[in-house]
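A short write-up of the structure that comes next.
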Number of protein chains: 2
Amino acid sequence: MGRTVGEVAALGAVSVRTLHHYDAIGLLSPSERSPAGYRFYGDADLERLQQVLFFRELGFGLAEIGRIMSDATFDRLEALLLQRRMLEEKARQLGHMIDAVDDAVDAMEKGEVMDDKDMFEVFGEFDPKQYEQEARERWGSTDAYKESVERAKKYTKDDWKQVKDDQERVSLAFADAMGRGLPADSREAMDLAEEHRLQIDRRFYPCSHQMHVGLGTMYVADPRFARHYDDFRPGLAQYVCDAIRANAKRAG
Amino acid sequence: MGRTVGEVAALGAVSVRTLHHYDAIGLLSPSERSPAGYRFYGDADLERLQQVLFFRELGFGLAEIGRIMSDATFDRLEALLLQRRMLEEKARQLGHMIDAVDDAVDAMEKGEVMDDKDMFEVFGEFDPKQYEQEARERWGSTDAYKESVERAKKYTKDDWKQVKDDQERVSLAFADAMGRGLPADSREAMDLAEEHRLQIDRRFYPCSHQMHVGLGTMYVADPRFARHYDDFRPGLAQYVCDAIRANAKRAG
DNA sequence: ACTAGACCCTGACGTTACGTGAGGGTCAAG
DNA sequence: CTTGACCCTCACGTAACGTCAGGGTCTAGT
């Protein structure tokens with residue numbers, strides 16, 4: 001038996017009304033309902049709520065959050081990493097704002113008038129839209145993509161296991177190529193990158209070379225991704241990223 | 001001739017519609033209007049807009065911002081210092097959120113379920129309401145206070161000069177007492193603190209001992225305030241704060 | 001002087017994400 | 001059975017604008 005709306009609200013992050021609202025819009029529905037209509041939220045529901053709240057904190061609209069999280073390829077770990085990056089960016093912006101306050105104080109004390117642009121450039125600096133774009137690229141939004149969503153919805157447990165195994169096989173092959181000293185722009189490494197791209201392209205969504213390069217960059221930039229690959233072999237994340245870049249360059 | 005709504009909007013922080021809205025609600029009205037009705041914003045208008053945007057960024061509602069900034073004792077420097085403090089607090093909360101993301105990632109990798117409370121305690125941690133309360137105490141909201149607002153509105157330039165001279169005289173007297181080695185809880189120091197409190201009480205708003213202590217704490221905590229007093233004499237901010245505390249204690 | 005384009009104005013409906021309250025049912029303890 | 005705490009759905013209201021309609025103003029070019 002899960003938690004009632006009151007119990008979830010008592011955790012301090014959302015109100016009962018908010019939970020009703022999220023249920024009504026399909027963003028977060030309880031996994032159980034009593035015959036009397038009571039909502040009961042389980043552990044997975046709370047995990048989903050936390051994810052929603054991170055996105056909300058970062059300025060995403062609820063519809064957009066729902067769209068992102070409803071995606072079949074939505075991966076909680078990847079989302080957390082994206083969110084982490086956004087939070088860091090936002091914290092950086094706050095630092096800039098503190099600097100801006102200090103600049104304003106300085107100008108006051110000197111009896112100076114600040115330049116118009118300098119006064120306001122710090123506002124709006126953090127723009128979730130940029131990240132929405134990235135999330136969209138990562139989890140897609142085109143009609144062709146939506147088609148692949150439908151396709152992925154039909155995947156069985158075995159299908160998903162196959163996906164996972166394929167991904168692991170490619171990762172191991174990358175580690176092997178690297179271990180044999182093959183340059184990231186060697187034919188073999190680039191073929192692996194191409195295979196990697198095609199897996200995504202066939203299994204999930206259209207993955208252009210450009211998008212692939214973006215993913216490669218993310219693998220290096222996000223510490224947890226980097227660790228994922230580097231656990232196969234130290235430096236592998238960078239190697240994969242380089243191979244992806246070389247592959248994209250090969251494709252023109 | 002000032003800037004049009006389009007020119008202000010082009011600075012990137014607000015839209016034309018927002019400027020219309022702020023004018024409509026009396027939050028920020030242009031200092032000039034053409035015979036055709038065009039709005040023209042001057043330097044002071046832009047400074048006010050910046051202040052509005054800092055408060056907005058920090059989560060204050062527009063009505064609340066208007067109320068604070070319409071106060072006769074509203075002081076731009078003090079506001080900037082408050083805003084700075086709030087921004088730092090908010091940045092701290094973001095740090096906690098980043099930690100929370102890391103905790104969630106850890107839990108995922110270990111296949112563990114996080115404690116409910118731990119999952120959500122970071123949300124809502126930054127609460128502008130606390131600071132609104134402080135702003136309200138600083139710039140008041142009671143009926144008696146409103147009365148003193150009306151009173152202050154009638155102050156002439158000479159009155160304000162007198163206020164400023166009185167404040168400076170007390171600051172110098174504090175510095176003198178400290179220089180003569182009088183403890184902060186000596187009768188003379190406490191009398192100065194009382195005089196300071198009464199100045200505020202008579203001139204602006206009811207200033208209880210409790211509120212006075214809060215102000216004293218602020219004088220030490222905010223670097224610019226601290227510097228204001230310490231420029232009279234090193235360590236004076238702390239001395240004034242201690243004298244205020246001792247005075248409050250004396251009053252029971 | 002006329003025209004076109006950029007920008008201004010006021011007015012008003014719509015959007016987003018809930019807050020608040022009405023009216024009534026459910027559950028558990030006394 | 002009663003009471004109090006909590007649940008439900010429904011629906012109007014709020015805050016802060018976004019968007020659009022309809023029309024005026026200003027400036028440069030013709």
Side-chain angles (χ1 to χ4, degrees), chain A residues 1-42 45 49 51-69 120 123-124 127-129 132, chain B residues 1-42 45 49 51-69 120 123-124 127-129 132:
Chain A
M1 187 64 73
R3 303 122 176 123
T4 61
V5 285
E7 286 164 344
V8 177
L11 296 174
V14 287
S15 65
V16 170
R17 179 72 183 89
T18 301
L19 291 168
H20 286 179
H21 182 59
Y22 289 178
D23 188 7
I25 64 174
L27 179 58
L28 172 66
S29 297
S31 45
E32 283 181 86
R33 280 287 192 110
S34 76
Y38 282 31
R39 295 170 172 82
F40 295 107
Y41 295 87
D45 298 327
L49 176 60
Q51 202 96 323
V52 167
L53 295 183
F54 277 132
F55 279 122
R56 186 184 73 170
E57 176 67 28
L58 290 164
F60 285 72
L62 299 186
E64 183 73 15
I65 295 173
R67 200 197 54 70
I68 290 172
M69 292 180 69
F120 298 107
F123 299 103
D127 181 9
K129 293 298 180 195
E132 283 179 17
Chain B
M1 186 65 72
R3 304 125 176 122
T4 61
V5 285
E7 286 164 343
V8 177
L11 297 173
V14 287
S15 65
V16 168
R17 179 72 183 88
T18 302
L19 291 168
H20 287 177
H21 182 60
Y22 288 177
D23 189 10
I25 63 174
L27 180 58
L28 172 67
S29 297
S31 45
E32 284 179 84
R33 280 287 193 113
S34 77
Y38 282 32
R39 296 171 173 83
F40 295 107
Y41 295 87
D45 299 326
L49 176 60
Q51 203 95 323
V52 168
L53 295 184
F54 277 133
F55 278 123
R56 186 184 73 167
E57 175 68 28
L58 290 163
F60 285 72
L62 299 186
E64 183 71 16
I65 295 172
R67 200 197 54 70
I68 291 172
M69 292 179 70
F120 297 106
F123 299 102
D127 181 9
K129 293 298 180 194
E132 284 179 17

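Hydrogens, waters and symmetry mates are skipped; everything else that's a heavy atom, side chains included, is used. The sequence lines fix the lettering, A, B, ..., with proteins before strands; numbering per chain opens at 1.
Atoms CZ and CG, on B:Phe123 and A:Leu11 in that order, are 11.5 Å from each other to the nearest 0.5 Å. Atoms CG and NE2, on B:Leu19 and B:His21 in that order, are 11.0 Å from each other to the nearest 0.5 Å. To the nearest 0.5 Å, atoms OH (B:Tyr38) and OG1 (B:Thr4) are separated by 9.0 Å. Atom-to-atom distance recorded for B:Thr18:OG1 and B:Leu27:CG is 11.0 Å, nearest 0.5 angstrom.
Annotation: side-chain hydrogen bond (donor to acceptor under 3.5 Å, both in side chains) contacts of A:Tyr22 (sequence neighbours excluded): A:Arg56. With sequence neighbours excluded, no residue forms a side chain to side chain contact (heavy atoms under 4.5 Å, CB included) with A:Ala24. Not counting sequence neighbours, A:Arg17 has no partner by the salt bridge (charged side-chain N to carboxylate O under 4.0 Å, His left out) test.
Within a heavy-atom distance below 4.0 Å of DNA chain D, the residues of residues 19-31 of chain B found are B:His21, B:Tyr22.
With a 4.5 Å cut-off on side-chain heavy atoms, A:Val14 and B:Phe120 do not count as touching.
Between the CG atom of A:Leu53 and the P atom of C:dA17 there is a distance of 13 Å, rounded to whole Å. Between the CG atom of B:Leu62 and the C1' atom of D:dC17 there is a distance of 9 Å, given to the nearest Å. For B:Tyr41 and C:dC9, the OH to P distance is 7 Å, given to the nearest whole Å. Atom CD1 in A:Ile65 sits roughly 13 Å away from atom P in C:dT16 (whole-Å rounding). Protein atom CZ of A:Phe55 is 19 Å distant from nucleotide atom P of C:dT16, rounded to whole Å. Across the protein-nucleic acid pair, B:Glu7 atom CD and C:dA6 atom P stand 16 Å apart, rounded to whole Å. Residue B:Leu49 contributes atom CG, which lies 11 Å from atom P of D:dC17 at whole-angstrom precision.
Listed pair A:Thr4 / D:dC7 meets the phosphate criterion, a side-chain N or O lying under 4.0 Å from OP1 or OP2. A sub-4.0 Å separation between OP1 or OP2 of C:dC8 and a side-chain N or O of B:Arg39 is absent.
Sorted by first then second residue, the salt bridge (charged side-chain N to carboxylate O under 4.0 Å, His left out) pairs that include residues 21-31 of chain A, not counting sequence neighbours, are A:Asp23-A:Arg33, A:Asp23-A:Arg39.
Between A:Arg56 and B:Val5, the residue whose closest nucleotide on DNA chain C is further toward the 5' end is B:Val5. Place B:Ala63 and A:Gly6 on DNA chain D by their nearest nucleotides, and A:Gly6 ends up nearer the 5' end.
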- line: Contact string for nucleotides 19-30 of chain C, one letter per nucleotide 5' to 3', B = base within protein heavy-atom range under 4.0 Å, S = sugar-phosphate only, - = neither, reads BB----BBS---

